[in-house]
There are 2 protein chains.
Amino acid sequence: MTLRRTFKREGEEARRAALIDATLDCIAEGGPQAATVRAIALKAGVTPGLIKHYFDTKEDLVAAAHETLMTRLTEASAAALDDLPADPIARLAGFIANAVTPPVVDPRAMALWAASMQLVPRDTAMRDVHEATYLAFRDRLEGMIVDALRTAGKPHDKPATRALAIAGNALLDGLWIEASVLPDQFAQGEMRTIAIRAFARLLDLKLPE
Amino acid sequence: MTLRRTFKREGEEARRAALIDATLDCIAEGGPQAATVRAIALKAGVTPGLIKHYFDTKEDLVAAAHETLMTRLTEASAAALDDLPADPIARLAGFIANAVTPPVVDPRAMALWAASMQLVPRDTAMRDVHEATYLAFRDRLEGMIVDALRTAGKPHDKPATRALAIAGNALLDGLWIEASVLPDQFAQGEMRTIAIRAFARLLDLKLPE
DNA sequence: GCAGCAATTATTCAAGTGTATAATTTCAGC
DNA sequence: GCTGAAATTATACACTTGAATAATTGCTGC
């Protein structure tokens with residue numbers, strides 16, 4: 001006569017996805033230490049034991065969650081590219097503006113990013129993921145910089161564009177962090193203007209604001 | 001006949017400092033979750049109970065540790081300023097180079113910074129500390145930019161220098177992060193050159209490399 | 001419908017957590 | 001040297017953690 005919790009069977013992929021999403025939510029809200037098996041299970045609407053059924057260990061679940069996070073960030077960036085104009089210069093400007101305004105600028109994403117950054121120095125798997133993600137983003141930026149410079153009839157030799165991509169990437173990262181963490185410090189649209197003008201000076205190029 | 005651990009009485013300030021240092025070490029090595037009272041006490045060469053004697057709660061100790069960290073970073077930056085040349089342009093170049101090379105670039109500092117970044121979105125006290133630190137650094141950078149522009153006979157109206165300081169700060173932050181976390185990606189001295197050339201273009205100024 | 005298998009829940013356990021309290025030891029002042 | 005107060009250690013406790021196992025339930029194929 002003990003009343004047991006009623007449940008529904010979901011597919012494996014759905015349950016894994018739900019558990020991963022719940023893990024990311026927990027980390028975003030309370031940091032890694034808040035992502036306990038019980039909290040994750042509660043948020044996923046499931047019992048803690050089920051985690052063991054889909055992931056051998058909690059560490060495996062966290063690793064899967066981080067991989068999902070990185071993939072999503074990359075995909076979001078790639079998806080935004082499709083909506084950008086074809087003209088290389090306008091395209092670069094749109095890409096820059098996109099990187100420093102919502103929804104890319106987002107406190108939750110920032111918290112998740114900080115959590116993963118913390119693991120990178122002492123977890124080789126995490127470092128590999130970070131390195132690959134970093135280089136992919138930077139290479140994409142470098143490609144757009146080269147296209148824009150070529151369109152404007154400016155020189156674009158390899159060592160110079162590499163340096164510009166590294167600096168440009170760093171600039172976007174820094175602006176993204178501060179805009180995400182201290183939104184009240186910047187006026188509406190200010191980040192966008194600052195980023196585009198800074199890139200214009202960096203590349204010695206007129207960029208449409 | 002139970003043999004008790006022998007100990008020496010240290011002053012209050014020495015013990016508090018030792019506990020704070022031990023806390024920072026633990027966080028740097030294994031993240032916040034590794035900073036348990038037992039691990040901290042062990043690293044400080046002390047018994048866990050003593051923590052309670054100097055800090056009402058572990059949370060208090062962690063807060064004190066973060067405040068110490070921020071203060072140290074600020075002081076380190078200020079100390080380096082004294083060794084810079086008096087000429088505003090050379091001074092700015094030295095400041096930039098300093099920010100993207102060791103010992104400022106440091107995986108341990110980076111890990112600690114990421115740990116505190118993670119707390120900022122959901123802890124108002126941490127956000128206040130971060131905001132104050134960020135603005136102090138940025139204002140100092142803006143002052144140096146203004147001095148350099150004035151020396152070069154360039155215009156330096158307020159809204160423009162604010163934007164340049166925000167962008168310059170973001171650039172230094174981003175380069176510092178990547179240099180700290182992926183040191184193998186950059187050649188010896190490469191970051192320094194990239195940073196100074198990027199600033200030269202940003203400010204339309206010749207900077208000594 | 002029903003048999004059986006896999007998904008899910010419930011329960012348990014050992015280890016680790018922060019904190020509170022009691023027992024000792026150090027050391028300064030006389 | 002002694003004494004007493006404060007610093008430090010030792011011990012205990014209640015709670016949370018991740019994981020392992022047993023019990024049950026939902027569902028698919030016949």
Side-chain angles (χ1 to χ4, degrees), chain A residues 1-66 115 118-119 123 125, chain B residues 1-27 29-66 115 118-119 123:
Chain A
M1 188 51 220
T2 60
L3 38 104
R4 233 182 195 233
R5 185 175 159 157
T6 171
F7 62 91
K8 239 192 80 183
R9 293 190 166 194
E10 307 284 352
E12 169 168 353
E13 65 280 26
R15 273 282 134 87
R16 292 180 79 98
L19 288 172
I20 286 174
D21 282 339
T23 303
L24 290 175
D25 280 346
C26 286
I27 294 175
E29 288 171 16
Q33 69 274 150
T36 66
V37 286
R38 285 165 181 82
I40 293 169
L42 180 67
K43 194 167 294 253
V46 143
T47 335
L50 194 60
I51 290 178
K52 176 72 187 316
H53 191 255
Y54 284 111
F55 299 91
D56 277 356
T57 168
K58 185 201 158 194
E59 200 178 347
D60 288 354
L61 170 55
V62 172
H66 270 122
Q118 217 176 314
L119 301 180
D123 181 334
Chain B
M1 189 50 219
T2 61
L3 38 106
R4 228 177 202 240
R5 184 176 161 159
T6 171
F7 62 92
K8 238 193 82 183
R9 295 190 167 194
E10 307 286 349
E12 168 168 354
E13 63 282 25
R15 275 279 134 90
R16 294 180 75 99
L19 288 172
I20 285 174
D21 282 339
T23 303
L24 290 176
D25 281 346
C26 287
I27 294 176
E29 288 171 16
Q33 68 275 151
T36 68
V37 286
R38 286 167 180 82
I40 293 169
L42 180 67
K43 193 166 295 250
V46 142
T47 342
L50 194 61
I51 290 178
K52 175 73 188 315
H53 191 255
Y54 285 111
F55 298 90
D56 277 357
T57 168
K58 185 203 158 193
E59 198 178 350
D60 287 355
L61 169 56
V62 172
H66 271 122
Q118 216 177 317
L119 301 180
D123 182 333

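Predicted model only: the values in this text are computed from it and were never measured. All chains are named by letter (A, B, ...) in the order of the sequence lines, taking the proteins before the strands, and each is independently numbered beginning at 1.
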All N/O pairs under 3.5 Å across the protein-nucleotides 4-6 of chain C interface:
{"from": "C:dA6", "atom 1": "N3", "to": "A:Arg9", "atom 2": "NH2", "distance (Å)": "2.3"}

Tabulate atom names and distances for all N/O pairs under 3.5 angstrom spanning the protein and nucleotides 16-19 of chain C.
{"from": "C:dG18", "atom 1": "OP1", "to": "B:Lys58", "atom 2": "NZ", "distance (Å)": "2.8"}
{"from": "C:dG18", "atom 1": "OP2", "to": "B:Val37", "atom 2": "N", "distance (Å)": "2.8"}
{"from": "C:dG18", "atom 1": "N7", "to": "B:Arg38", "atom 2": "NH1", "distance (Å)": "3.0"}
{"from": "C:dG18", "atom 1": "O6", "to": "B:Arg38", "atom 2": "NH2", "distance (Å)": "3.0"}
{"from": "C:dT19", "atom 1": "OP1", "to": "B:Thr57", "atom 2": "OG1", "distance (Å)": "2.5"}
{"from": "C:dT19", "atom 1": "OP2", "to": "B:Lys58", "atom 2": "N", "distance (Å)": "3.1"}

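Shortest non-hydrogen contact noted between B:Ala34 and B:Ala39 is O-CB, 3.6 Å. Scanning all heavy atoms of the two residues, the minimum distance from A:Leu19 to A:Ala44 falls at CD2-CB, 3.9 Å.
In this structure, CG on A:Leu24 lies 9.5 Å from CD1 on A:Ile40, to the nearest 0.5 angstrom.
Side-chain atoms of B:Arg5 stay outside donor-acceptor range of the base of D:dT9, with no qualifying N/O pair under 3.5 Å.
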Between side-chain atoms of residues 58-66 of chain B and protein atoms elsewhere (two or more places apart, or another chain), which donor-acceptor pairs fall under 3.5 Å?
{"from": "B:Lys58", "atom 1": "NZ", "to": "B:Ala35", "atom 2": "O", "distance (Å)": "3.1"}
{"from": "B:His66", "atom 1": "ND1", "to": "B:Val62", "atom 2": "O", "distance (Å)": "3.4"}

Under 3.5 Å donor-acceptor pairs involving side-chain atoms of residues 5-18 of chain B, not counting sequence neighbours:
{"from": "B:Arg5", "atom 1": "NH2", "to": "B:Gly45", "atom 2": "O", "distance (Å)": "3.2"}
{"from": "B:Arg16", "atom 1": "NH1", "to": "B:Tyr54", "atom 2": "O", "distance (Å)": "3.0"}

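Side-chain contact check for B:Ile20 versus B:Phe55: some heavy-atom pair is nearer than 4.5 Å.
B:Glu10 has its CD atom 19 Å from the P atom of C:dT25, to the nearest Å. We find that CZ of B:Phe7 is positioned 11 Å from C1' of D:dA10, with the value rounded to whole Å. Whole-Å rounding puts the B:Leu50 CG to C:dT25 C1' distance at 13 Å. D:dT17 atom P lies 12 Å from atom CG of A:Leu42, rounded to whole Å. Distance CZ (A:Arg4) to C1' (C:dA7): 11 Å, rounded to an integer number of Å.
Applying the side chain to side chain donor-acceptor pair (under 3.5 Å) test to pairs two or more places apart or on separate chains, those with a residue in residues 31-52 of chain A are A:Glu29-A:Lys43.
Here B:Phe55 lies out of heavy-atom contact (under 4.0 Å) with every strand.
Within a heavy-atom distance below 4.0 Å of DNA chain D, the residues of residues 11-27 of chain B found are B:Arg15.
One finds no side-chain N or O of B:Tyr54 lying less than 4.0 angstrom from the OP1 or OP2 phosphate oxygen of D:dA7.
Across D:dG26, D:dT8, C:dT9, the shortest atom-to-atom separation from the side chain of A:Thr6 is found for D:dG26.
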